[in-house]
Amino acid sequence: MDLVIRDTRVIDGTATPAYRADLGIANGRIAAIRRPGEPPLTAPRTLDAHGLALAPGFIDMHAHSDLALLRDPDHSAKAAQGVTLEVLGQDGLSYAPVDDRTLSEVRRAITGWNGDGGDIDFDWRGVGEYLDRLDRGIAVNAAYLIPQGTVRMYAMGWDDRPATPHELDRMRQLVAEGMEEGAVGMSSGLTYTPGMYATGSELAELCRVVARYDGYYCPHHRSYGAGALEAYEEMVRLTRDAGCALHLAHATLNFGVNKGRAPELLALLDEALAAGSDISLDTYPYTPGCTTLVAMLPSWAGEGGPEAILARLRDDTTAERVRHHMEVLGADGCHGVPIDWATIEISGVSRPALADHVGRTVAETAARRGEEPWATARRLLVEDGLGSTILQHVGHEENVQAIMRHRVHTGGSDGILQGDKPHPRAYGTFPRYLGHYARELGILSLEETVAHLTSRPAARLRLPDRGLVREGYRADLVLFDPDTVAAGSTFASPRTLPVGIPYVLIDGKFVIEDGRRTGVLAGRSVRRTPGVR
């Protein structure tokens with residue numbers, strides 16, 4: 001036995017009542033659990049955990065740490081929350097599989113998510129090579145989804161057209177290779193170019209490949225605004241027909257058209273679950289969303305890639321078409337809803353000279369400059385090289401609470417770590433669930449909340465030895481104070497670390513000890529179990 005944790009309140013991830021016990025750890029696994037009155041455990045090191053709850057490490061089902069894990073060994077943004085595993089490759093855009101052209105283009109396309117990567121040695125091209133890079137040592141564990149938009153970019157560029165049979169074969173091959181190399185599934189960003197150009201039948205063909213490897217499909221679907229329920233239904237139908245498990249990314253309903261409509265979404269999901277569909281979802285416990293400013297543009301403006309977008313924005317006639325589409329018609333990039341510039345807050349810029357935009361809405365900056373909001377947004381897009389990130393204040397608290405109660409719900413931060421004023425969910429999602437929603441509001445019991453953040457995502461990821469406090473399971477654990485745990489991050493101070501989480505272990509090693517990061521790099525890639533069904 002390497003370590004004994006004494007007198008802790010075990011919340012084991014099953015949603016059953018907590019119990020008191022001592023826990024023994026050996027060789028990175030939970031070696032023994034002893035309840036009061038049973039023979040005591042001994043080890044060279046003992047931690048008195050009286051007053052603390054012990055839970056499985058939290059699993060962030062929607063993370064954007066694809067480069068952050070490589071550039072920031074500390075990674076306290078997630079480690080300090082008790083996160084021991086992140087799922088990367090989200091929203092259909094990431095850095096593997098790529099060739100040299102695709103890598104250059106995807107770096108440019110998601111600069112707002114991850115930076116331009118100029119500080120990263122991109123010494124990989126395939127999924128397996130990227131996972132090997134993670135295995136050199138990272139702050140927390142990471143699993144990977146094959147990004148469908150990147151796959152499409154690789155196979156056929158940025159064209160808005162159906163794939164040819166040859167191109168579809170190439171995409172199937174890339175997805176199969178990624179699954180064989182350890183990816184756990186495939187993601188899409190169906191309001192992001194070029195992934196949004198894919199038809200339902202194209203997506204279904206790729207999902208069939210994912211299903212052969214017992215993976216899951218994780219779509220950011222075609223709308224969270226106008227037509228949101230129809231967009232959800234498309235994903236349910238598509239994956240049912242493809243025989244593929246479905247995990248709905250940041251599954252909420254936003255914009256005024258969807259206020260109070262969460263029960264309709266949950267009824268749709270319950271019907272599909274009753275009919276045998278394999279469905280789960282994740283959400284973050286906040287109302288505003290976060291993405292890039294360029295993502296708000298209509299899809300036709302994105303055809304051809306970043307340089308083509310900039311050329312259209314520089315052309316007055318084309319830029320006016322873009323404005324009309326966004327402000328009058330409702331661009332598909334903005335979920336079919338005419339954009340309200342008063343809801344679009346700039347959270348980060350790539351070029352320091354533009355920092356005065358950060359923390360203000362586009363409407364506020366436009367008013368200060370005495371110009372129309374589109375003129376401000378257009379100038380920022382061009383001058384920042386499409387690298388600006390935004391907070392979009394369009395959510396509804398009643399929808400957030402209703403969805404988090406659902407039996408297939410899991411937690412996902414959707415945490416973008418770039419920018420001077422990132423969304424506080426990047427630093428606060430998991431303690432906010434435990435503190436604000438469980439302890440303060442009682443939306444879920446503490447035991448239920450822990451299950452949502454641990455065993456449910458582990459089951460979706462098909463992980464046989466994570467997500468529960470159980471003998472033989474990996475010692476990825478978090479110790480927190482149920483009475484004080486809370487998110488420190490706010491919209492005003494988004495990089496503030498949480499309180500009430502003094503210890504986090506990965507593979508039996510302390511990555512957070514006495515509330516401080518230890519510097520231990522115990523994280524590795526978590527790969528899909530080999531084999532096809």
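Worth saying up front: this structure is predicted, and the values here are computed from it rather than measured.
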Are Arg527 and Asp135 within salt-bridge range, i.e. N to O under 4.0 Å?
yes
Would you call Glu234 and Arg237 a salt bridge, taking side-chain N to carboxylate O under 4.0 Å as the test?
no
Spacing of Cys218 atom SG and Asp91 atom CG [to the nearest 0.5 Å]
7.5 Å
Given Tyr95, which of Leu67, Leu70, Thr150 fulfils the side chain to side chain contact (heavy atoms under 4.5 Å, CB included) condition?
Leu67
If a pair satisfies salt bridge (Lys or Arg N to Asp or Glu O under 4.0 Å) and one of its residues is in residues 252-262, list it, with sequence neighbours excluded.
Lys259-Glu398, Arg261-Glu264
So the salt bridge (Lys or Arg N to Asp or Glu O under 4.0 Å) pairs with at least one residue in residues 272-282 (sequence neighbours excluded) are Asp278-Arg460, Asp278-Arg462
A cation-pi test, strictly: NZ or CZ of Arg425 under 6.0 Å from the centre of the six-membered ring of Tyr286 and no more than 45 degrees from its axis. Yes or no?
no
Given 3.5 Å as the limit, does a donor-acceptor pair link the side chain of Ser223 with the main chain of Gly225, or not?
yes
Among Val209, Val175, Leu145, the one residue meeting side chain to side chain contact (heavy atoms under 4.5 Å, CB included) with Met186
Val175
Using the ring of each side chain (for Trp, its six-membered ring), is His62 parallel, tilted or perpendicular to His250, with breaks at 30° and 60°?
tilted
Kindly state whether the ring of His452 and the ring of Tyr433 have centres lying under 6.0 angstrom apart.
no
Proximity of Phe255 and His396 rings by center, below 6.0 Å:
no
Residue from His221, His220, His335 passing ring-ring contact (aromatic ring centres under 6.0 Å, His included) with Tyr192
His220
